> 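The structure under discussion is supplied below as structure tokens; questions concerning it will follow.
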Amino acid sequence: MPHRSFTKSTPVSTITNVPKLGVNKADFIADFKRYYSHRLGRDEYCRSPYYAYEALSLVISDHLVECWKKTYNTYKEQDCKRTYYLSMEFLMGRTLSNAMLNLGITGDVAKAMYELGLDLEELVDTEPDAGLGNGGLGRLAACFIDSAATLQLPVMGYGLRYEYGMFSQEIVDGEQIEHPDHWLKNGNVWEIERPEYTQRIKFGGRVERFIDADGSQRKCWIDTSDVLAVPYDTPIPGYKNGTVNTLRLWKSTATEEFNLQDFNAGDYAEAVAEKNTAENISMVLYPNDANENGKALRLQQQYLLASASLQDIVANWVGRHGSNFTHFADKNCFQLNDTHPSVSVAELMRLLIDEHGLSWNDAWAITKKTMAYTNHTLLPEALEKWSVSLFERLLPRVLEIIFEINAHFLAEVSAHWPGDTDRLARMSLIEEAGEKQVRMAYLAIVGSYSVNGVAELHSKLLQEGLFNDFYQLWPEKFNNKTNGVTPRRWLAGCNPELASFITETIGDKWVTDLSELKKLEAFINDKKFCKKWYSLQNNAKQALVDYSKKEYDINLNVNALFDIQVKRFHEYKRQLLNVLHVIHLYDRIKRGDTENWTNRCVLIGGKAAPGYYMAKRIIKLINNISQVLSSDPDVGDKLSLVFLPNYRVSAMEKICPAADLSEQISTAGKEASGTGNMKFMMNGALTIGTLDGANIEIREEVGADNFFLFGLTEDEVEKLRPDYNPTEIINQDDDLKRVMKLLECGHFNQFEPGIFNDVINSIKSSNDPWMTIADFRSFIDMQKQVEVAYQDTERWTRMSIMNTANSGKFSTDRTIQNYNDEIWGLEPVVIK
Ligand code: HTW
């Protein structure tokens with residue numbers, strides 16, 4: 001592990017210097033009224049709660065600004081080392097409720113709003129999600145910056161300000177329809193535009209050599225078509241600690257002179273079109289989670305993020321130290337969220353060499369000491385590669401630098417393994433077979449001092465498999481940082497009743513030290529405590545019942561076992577395995593095999609990448625089965641399958657408190673970590689899962705008795721793969737045979753012949769990479785065990801308590817502490 005010198009950080013709970021952020025109710029109400037009537041121009045006849053939300057947000061914003069400035073100035077005065085989290089995605093969700101929670105004023109504000117005849121919850125629910133991410137990777141970035149602020153660490157997020165976030169999903173005739181998510185249409189009260197920090201970004205053009213005044217060979221990148229990157233800042237408050245960090249998102253715009261030039265030439269339309277091209281860059285989030293891609297616009301987005309952020313930081317450095325970069329690496333650290341911002345490695349080299357005159361060696365030493373890379377997937381199709389010709393056209397100077405990095409690197413490989421030409425070809429930053437491509441993960445590894453995976457198994461597989469050559473060369477670079485989720489949003493915020501009960505029982509230290517939850521274990525034999533726990537779980541289920549009714553006109557039976565799988569649709573996540581189980585239960589009902597039946601409500605939600613055919617067909621299948629079940633009187637309350645449309649952060653805040661059972665059923669070795677699994681566990685759900693990603697660590701923490709394990713292990717999956725024969729497995733299993741027959745006879749697509757053939761064939765193929773059929777039997781058997789446990793309410797309740805009690809490890813406070821201890825080495829900064 002890369003150890004760098006630093007002092008252990010102060011644990012959050014011992015930081016006592018908490019500025020009082022109390023609100024004087026009269027002032028608060030006056031502020032609210034002023035914004036509502038004077039800034040927004042609304043009166044008591046305005047029926048929409050949205051403007052009340054906006055007015056309230058403006059008041060809360062005001063309360064953050066003072067601490068925000070103070071934090072900013074304190075970092076500047078102390079000249080502390082800082083980390084920049086570079087990410088193409090920050091899946092922030094809603095801001096208002098989280099800001100009130102972290103300021104510690106939720107209760108007071110609710111009372112003030114009540115006095116005004118307003119329902120705080122209703123206002124909070126009108127806020128659109130900031131859906132600037134696809135799923136786990138983007139939400140992780142959001143949880144990280146919450147925890148960094150709570151740990152009082154000087155961490156800043158850098159990302160893109162997409163005009164359109166993750167599409168919103170509608171289900172029509174069982175199929176996913178995508179609608180553009182124009183989340184900024186009513187403005188965004190949380191952001192502040194900072195045109196004074198605008199950066200200029202180059203694209204295209206060509207590279208010229210020249211000899212500078214000192215007689216050295218230099219390069220310049222000329223005849224470029226530039227765009228501007230304008231930053232928008234959002235405050236990131238820590239939990240009741242006075243720290244307010246910054247998330248800086250870049251919006252692309254056209255340069256002034258471009259417009260002017262065309263305007264002078266009389267071509268107004270051209271000028272506007274040019275402006276559009278520039279503004280297009282940050283227009284829309286790419287909705288592909290771990291799918292292959294290769295679009296020019298996406299590379300432009302990545303470069304805009306890398307270049308704008310690095311120029312921002314370098315300009316700030318030069319403002320203070322001139323062109324002396326001797327201590328730059330002691331004060332700056334860049335954490336790359338997957339390879340998406342990895343062009344930063346070459347861009348930092350370019351800025352240091354071309355713009356600030358450093359030598360190659362000095363620049364490389366700085367780069368290697370400041371960059372750290374996190375990998376989030378082992379799926380080969382998700383590993384980014386960019387064609388050399390595209391790079392050449394868009395970023396010719398950056399490509400030259402990548403070639404030069406590669407030349408130095410291959411010389412090092414050669415020296416380490418003389419004559420091993422296979423290895424040279426394998427490790428080269430440039431893939432030579434077929435169309436030449438830049439391997440972005442290798443660029444990130446070569447340019448970083450730390451490379452981490454996101455769960456123990458994932459990090460191990462990176463070292464033994466995907467990145468083994470690099471691990472052999474630089475074992476000290478590799479390390480693990482198991483993911484987490486922020487307990488503020490994912491327990492205190494989303495489950496306030498359970499949170500209050502926990503606080504009544506063990507005090508409130510758990511909010512910033514989640515290992516405190518362990519103290520709940522002492523109560524698992526306390527009848528009164530268990531009864532209360534059970535009733536709170538039930539209340540949360542009822543709340544989801546009400547929400548589903550109101551929002552989607554879906555009827556759920558609160559007395560059924562809530563069995564929930566919500567996540568992006570991908571074959572490796574095996575929503576299909578879940579579906580096979582549902583069909584099996586249906587088949588049992590139809591055969592009258594219902595002795596000791598447990599009523600079950602299977603909820604599935606998630607988005608499919610718009611171009612992912614198979615994922616979309618699986619969504620259709622789920623909706624068709626749902627129809628068949630709900631219109632069959634034999635089924636009744638015994639079983640329902642419900643598709644929850646438009647799954648997103650704010651939906652998960654309502655869903656995860658209501659789960660009895662959390663489905664984490666990916667093919668072992670394929671889900672790098674998972675983080676939904678942690679949210680469910682924290683809120684007292686039990687997990688049915690494979691030995692994959694963070695499930696392994698969840699089971700370790702909660703104990704095997706409190707986890708429903710099934711399926712092949714990663715080793716077993718790989719061992720079986722060559723001989724995998726699903727047809728044989730089907731023939732030997734009568735339950736599975738009947739399930740497949742129901743599917744194949746068109747029972748769920750009577751008027752849509754053949755539409756599920758591709759789905760059926762995919763799991764029947766001996767080449768099915770996800771080996772769904774192989775895990776059917778153990779999944780079905782373990783689901784039976786789930787029912788046995790669920791029928792014993794007291795046992796289930798104890799298991800539920802054990803899950804929450806042992807979820808302490810999965811706080812991002814722990815994750816970020818690990819990043820800081822082992823990668824960043826920042827000192828916490830107390831804001832006075
Ligand atoms: C993992 C998930 C993990 C999460 O990161 C994921 N990786 C991608 N998306 C994810 C946070 O570490 O918990 O197990 O699957 O949710 C991901 C990705 C991408 C390319 C590769 C991997 C996401 C968006 C766009 C491109």
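Please read all numbers here as calculations on a predicted model, not as lab measurements. Numbering starts at 1 and runs along the sequence shown. Both ligands and their constituent atoms are indexed starting at 1 by order of listing.
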> Are Met88 and ligand 1 in contact, using a heavy-atom cut-off of under 4.0 Å?
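It does not; every heavy atom stays at 4.0 Å or beyond.
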
> Any N or O of Asn288 that comes nearer than 3.5 Å to an N or O of ligand 1?
no

> Have a look at ligand 1 and work out which part of Asp289, if any, has a heavy atom under 4.0 Å from it: side chain, backbone, both or neither.
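Both backbone and side chain.
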
> May I ask you to identify the nearest protein heavy atom to atom 24 (C) of ligand 1, giving residue, atom name and distance to one decimal place in Å?
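Result for atom 24 (C) of ligand 1: Glu89 OE2, 3.4 Å.
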
> Go through ligand 1 atom by atom and flag the ones less than 4.0 Å from a non-hydrogen atom of Glu671.
1 (C), 2 (C), 14 (O), 15 (O)

> Can you see whether Thr512 engages Asp813 through a side-chain donor-acceptor pair at a distance of less than 3.5 angstrom?
no

> Would you kindly say whether Asn375 and His458 are connected by a side-chain donor-acceptor distance under 3.5 Å?
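There is such a pair between these side chains.
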
> With a cut-off of under 6.0 Å to the ring centre and 45° to the axis, is Arg161 in cation-pi contact with Tyr232?
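Positive - Arg161 is close enough to the ring of Tyr232 and near enough to its axis.
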
> Does this structure show an ion pair linking Lys616 with Glu175, if we count only N-O contacts that are shorter than 4.0 Å?
no

> Considering both backbone and side-chain atoms of His340, is one of its nitrogen or oxygen atoms within less than 3.5 Å of a nitrogen or oxygen in ligand 1?
no

> Can a cation-pi geometry be assigned to Lys607 and Phe167, taking NZ or CZ under 6.0 Å from the six-membered ring centre and within 45° of the ring axis?
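Lys607 over Phe167 ring: yes.
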
> Compute the shortest N/O to N/O distance between His376 and ligand 1 and return yes if it is under 3.5 Å, no if not.
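It does: an N or O of His376 is found under 3.5 Å from an N or O of ligand 1.
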
> For Asn102 and Asp146, which I'm curious about, is there any donor-acceptor pair between the side chains at under 3.5 Å?
yes

> Starting from the C-alpha separation in whole Å, work towards a yes-or-no answer on side-chain contact (heavy atoms from CB on, under 4.5 Å) for Leu720 and Leu712.
CA-CA 9 Å; Leu720 175 61; Leu712 299 176; 3.7 Å; yes

> Quick one: do the Tyr647 and Gln169 side chains pair a donor with an acceptor below 3.5 Å?
no

> Report yes if some N/O of Ser673 lies less than 3.5 Å from some N/O of ligand 1; otherwise report no.
yes

> Do Lys385 and Glu431 sit within salt-bridge range, that is, some charged N less than 4.0 Å from a carboxylate O?
yes

> Can you list the ligand 1 atoms lying under 4.0 Å from a non-hydrogen atom of Val454?
12 (O)

> Of the backbone atoms (N, CA, C, O) and the side-chain heavy atoms from C-beta on, which set of Arg568 has a member under 4.0 Å from an atom of ligand 1: side chain, backbone, both, or neither?
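Answer for Arg568: neither.
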
> Can you sort out which atoms of ligand 1 are near Thr377, meaning under 4.0 Å from one of its heavy atoms?
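This gives 21 (C), 22 (C) as the contact atoms.
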
> So which heavy atom in the protein is nearest atom 19 (C) of ligand 1, and how far is it from that ligand atom?
Ala290 N, 3.3 Å

> For ligand 1, indicate whether the residue Leu137 contacts it via side chain, backbone, both or neither (heavy-atom separation under 4.0 Å).
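Both backbone and side chain of Leu137 come within 4.0 Å of ligand 1.
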
> Touching ligand 1 at all, His458? Heavy atoms, strictly under 4.0 Å?
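No; His458 lies far enough from ligand 1 that no heavy-atom distance drops under 4.0 Å.
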
> Heavy atoms only: which of Gly693, Gly674, Gly136 lies closest to atom 13 (O) of ligand 1?
Gly674

> Please confirm whether Tyr572 comes within less than 3.5 Å of ligand 1 when only nitrogen or oxygen atoms on both sides are compared.
yes

> Can a side-chain donor-acceptor contact be found between Gln335 and Trp824 if the only test is distance below 3.5 angstrom?
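Yes - a donor-acceptor pair under 3.5 Å links their side chains.
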
